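Below: the structure, in structure tokens.
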Amino acid sequence: MVERLWAGWRIPAAEAGAALDVPEGKTLFETLLDSGLPDSQTCIVWRGALCFAVLNVYPYARGHLMVVPNRPVTALDDLTEDEHSELWGAVRSATLAVTGAYQPHGINVGANLGRGSGAGVPDHLHVHVVPRFRGDTNFMTSVANVRVMPEALSDTWSQIVAAWPADGP
């Protein structure tokens, strides 16, 4: 398990997450989407008709976000054609946004389908978009099993929102 260094600037994000009580029968993503809280607090960076994009509050790298269908489905083949189209269009927009905001050396795009794949929220499909940088796996992760984030989550949110394509899906 990867440990993280204490970062006091993340207290607002932690408090926002703690304030969200996920009701029985709902997923974390449904709860975020329907919370009524400002997007800056829930870390939602884009809302479409059928999908939305949200920052990962436990990122692998700065700019790590997820594109999520509004409706909780567990598999790609559970998506309607319209959801499928908007989801993958939003993934494309997310890659453009992280590229515009951070100029990464590469981007990982992927979905962990099912608990056996390592999905943290296995009951609600989501696609990760992770900007990658040469050297982003440094000695801290290898030696101390700790990830160091160089940017406050609120700054990441602002960067991604500003870089999200206006003509997105």
Side-chain angles (χ1 to χ4, degrees), residues 1-4 10 13-99 101-102 104 106-132 136-137 141 145 147 149 153 156-157 159-161 163-165 167-169:
M1 172 181 248
V2 173
E3 298 296 326
R4 287 170 178 81
R10 293 194 59 166
E15 288 172 347
L20 289 176
D21 186 26
V22 179
E24 176 116 10
K26 288 223 174 207
T27 68
L28 169 65
F29 296 126
E30 288 176 285
T31 304
L32 279 174
L33 191 61
D34 299 336
S35 70
L37 296 170
D39 288 349
S40 60
Q41 191 172 346
T42 60
C43 297
I44 294 174
V45 296
W46 171 81
R47 290 174 184 258
L50 302 170
C51 299
F52 67 102
V54 61
L55 292 179
N56 188 325
V57 297
Y58 300 106
Y60 295 120
R62 66 187 176 144
H64 178 177
L65 58 93
M66 298 167 290
V67 178
V68 186
N70 295 352
R71 187 172 64 93
V73 299
T74 58
L76 290 169
D77 60 342
D78 292 335
L79 294 168
T80 66
E81 286 302 316
D82 289 340
E83 287 169 330
H84 179 271
S85 179
E86 187 171 282
L87 178 85
W88 293 107
V91 168
R92 180 178 51 230
S93 292
T95 64
L96 293 170
V98 297
T99 298
Y102 296 108
I107 298 174
N108 291 133
V109 173
N112 299 325
L113 303 176
R115 190 170 305 281
S117 70
V121 184
D123 297 332
H124 202 142
L125 170 75
H126 52 286
V127 178
H128 293 264
V129 176
V130 184
R132 301 306 303 261
D136 66 359
T137 304
T141 301
N145 210 24
R147 214 170 258 128
M149 291 298 135
L153 204 54
T156 302
W157 182 87
Q159 293 267 19
I160 296 294
V161 168
W164 195 272
D167 62 348

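Values in this document were obtained by computation on a predicted structure and should not be read as measured data.
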Any side-chain to backbone donor/acceptor pair from [X] onto [Y]? Under 3.5 Å, distance only.
| X | Y | result |
| --- | --- | --- |
| S35 | L32 | yes |
| E30 | T27 | yes |
| T95 | R92 | yes |

Contact summary for [X] and [Y], nearest pair of heavy atoms:
| X | Y | result |
| --- | --- | --- |
| R132 | N108 | NH1-OD1, 2.9 Å |
| P69 | L125 | CD-O, 3.2 Å |
| I44 | W157 | O-NE1, 2.8 Å |
| E83 | D78 | OE1-O, 4.2 Å |
| P131 | P104 | CB-CB, 3.7 Å |
| V67 | A90 | CG1-CB, 3.5 Å |

[atom2] on [Y] to [atom1] on [X], rounded to 0.5 Å:
| X | Y | atom1 | atom2 | result |
| --- | --- | --- | --- | --- |
| Y58 | L153 | OH | CG | 10.5 Å |
| R115 | T74 | CZ | OG1 | 12.0 Å |
| R71 | L50 | CZ | CG | 9.0 Å |
| F52 | M66 | CZ | CE | 8.0 Å |
| R62 | L55 | CZ | CG | 13.0 Å |
| H64 | T156 | NE2 | OG1 | 11.5 Å |

Pairwise side-chain contact, [X] with [Y], heavy-atom cut-off 4.5 Å (strictly under):
| X | Y | value |
| --- | --- | --- |
| W46 | C51 | yes |
| H124 | V68 | yes |
| W164 | S93 | yes |
| D39 | V45 | no |
| V54 | H126 | no |

Walk me through it: do R47 and N70 pass the test side chain to side chain contact (heavy atoms under 4.5 Å, CB included)? CA-CA 9 Å; R47 290 174 184 258; N70 295 352; over 6 Å; no
Begin with the C-alpha distance, continue with both residues' side-chain angles, and end with the deciding distance and a verdict on side chain to side chain contact (heavy atoms under 4.5 Å, CB included) for I107 and Y102. CA-CA 11 Å; I107 298 174; Y102 296 108; over 6 Å; no
